[in-house]
Amino acid sequence: KLLRKTLKLFTKAFVARKAILPVSLVNDVLTVAVPTPDVSRLREEIAKECQCGDVRFVLAQPSHLRIIIDMLCKKNWLAAG
């Protein structure tokens, strides 16, 4: 249930376009899986997309992220958009 709540912070369009995956939201700290270590601009975009105190990033294989994002979009676990 917590995972679904975290996924609903972002629209399908945002997640698919950025190829990111929100992993958890604990104590107002959002952890996001990303395909690249360059997150400077992404941090700002995430702050605009959802309200959270801080954003932390973990690296993931781009192909793995794409598979999971596609699966979540098909199951409608991400917010509409």
Side-chain angles (χ1 to χ4, degrees):
K1 196 171 185 178
L2 181 60
L3 176 61
R4 285 186 188 183
K5 195 175 202 177
T6 302
L7 292 172
K8 296 280 184 193
L9 294 172
F10 296 93
T11 64
K12 288 180 187 180
F14 185 84
V15 169
R17 186 173 66 249
K18 299 298 177 183
I20 63 166
L21 183 65
V23 177
S24 68
L25 180 62
V26 177
N27 296 328
D28 209 28
V29 177
L30 176 66
T31 301
V32 178
V34 295
T36 177
D38 182 15
V39 295
S40 55
R41 184 185 293 164
L42 186 57
R43 184 180 302 275
E44 294 171 15
E45 293 178 56
I46 288 173
K48 288 179 185 177
E49 184 78 7
C50 75
Q51 302 297 319
C52 57
D54 191 18
V55 181
R56 296 192 181 151
F57 298 95
V58 294
L59 282 175
Q61 287 287 341
S63 58
H64 295 171
L65 281 174
R66 180 58 48 206
I67 290 167
I68 294 169
I69 290 167
D70 289 347
M71 180 191 70
L72 293 172
C73 287
K74 287 177 186 172
K75 291 188 176 196
N76 292 319
W77 280 18
L78 295 163

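Because the structure is a prediction, the values reported are computed rather than measured.
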Original post:
So does Arg56 have more than 12 non-hydrogen atoms from other groups sitting under 6.0 Å from CZ?
Top reply: no
Can you measure from [atom1] ([X]) to [atom2] ([Y]) and round to the nearest 0.5 angstrom?
{"X": "Thr11", "Y": "Glu49", "atom1": "OG1", "atom2": "CD", "value": "4.5 Å"}
{"X": "Ile68", "Y": "Cys73", "atom1": "CD1", "atom2": "SG", "value": "12.0 Å"}
{"X": "Leu72", "Y": "Ile67", "atom1": "CG", "atom2": "CD1", "value": "12.0 Å"}
{"X": "Lys74", "Y": "Ile69", "atom1": "NZ", "atom2": "CD1", "value": "13.0 Å"}
{"X": "Leu25", "Y": "Lys8", "atom1": "CG", "atom2": "NZ", "value": "15.5 Å"}
{"X": "Cys52", "Y": "Leu30", "atom1": "SG", "atom2": "CG", "value": "4.5 Å"}

Subject >> Listed once per pair and sorted, the side chain to side chain donor-acceptor pair (under 3.5 Å) pairs that draw on residues 25-38, sequence neighbours left out >> reply: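 Sorted result for residues 25-38: Asp38-Ser40.
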Name every donor-acceptor pair, under 3.5 Å, that has one atom in a side chain of residues 13-23 and the other anywhere in the protein, sequence neighbours excluded.
| from | atom 1 | to | atom 2 | distance (Å) |
| --- | --- | --- | --- | --- |
| Lys18 | NZ | Glu45 | OE1 | 2.5 |
| Lys18 | NZ | Glu45 | OE2 | 3.4 |

Original post:
Given Val32 and Val55, is the side-chain contact (heavy atoms from CB on, under 4.5 Å) satisfied, shown in steps?
Top reply: CA-CA 7 Å; Val32 178; Val55 181; 4.1 Å; yes
Original post:
Any side-chain heavy-atom pair from Leu59 and Pro35 closer than 4.5 angstrom?
Top reply: no
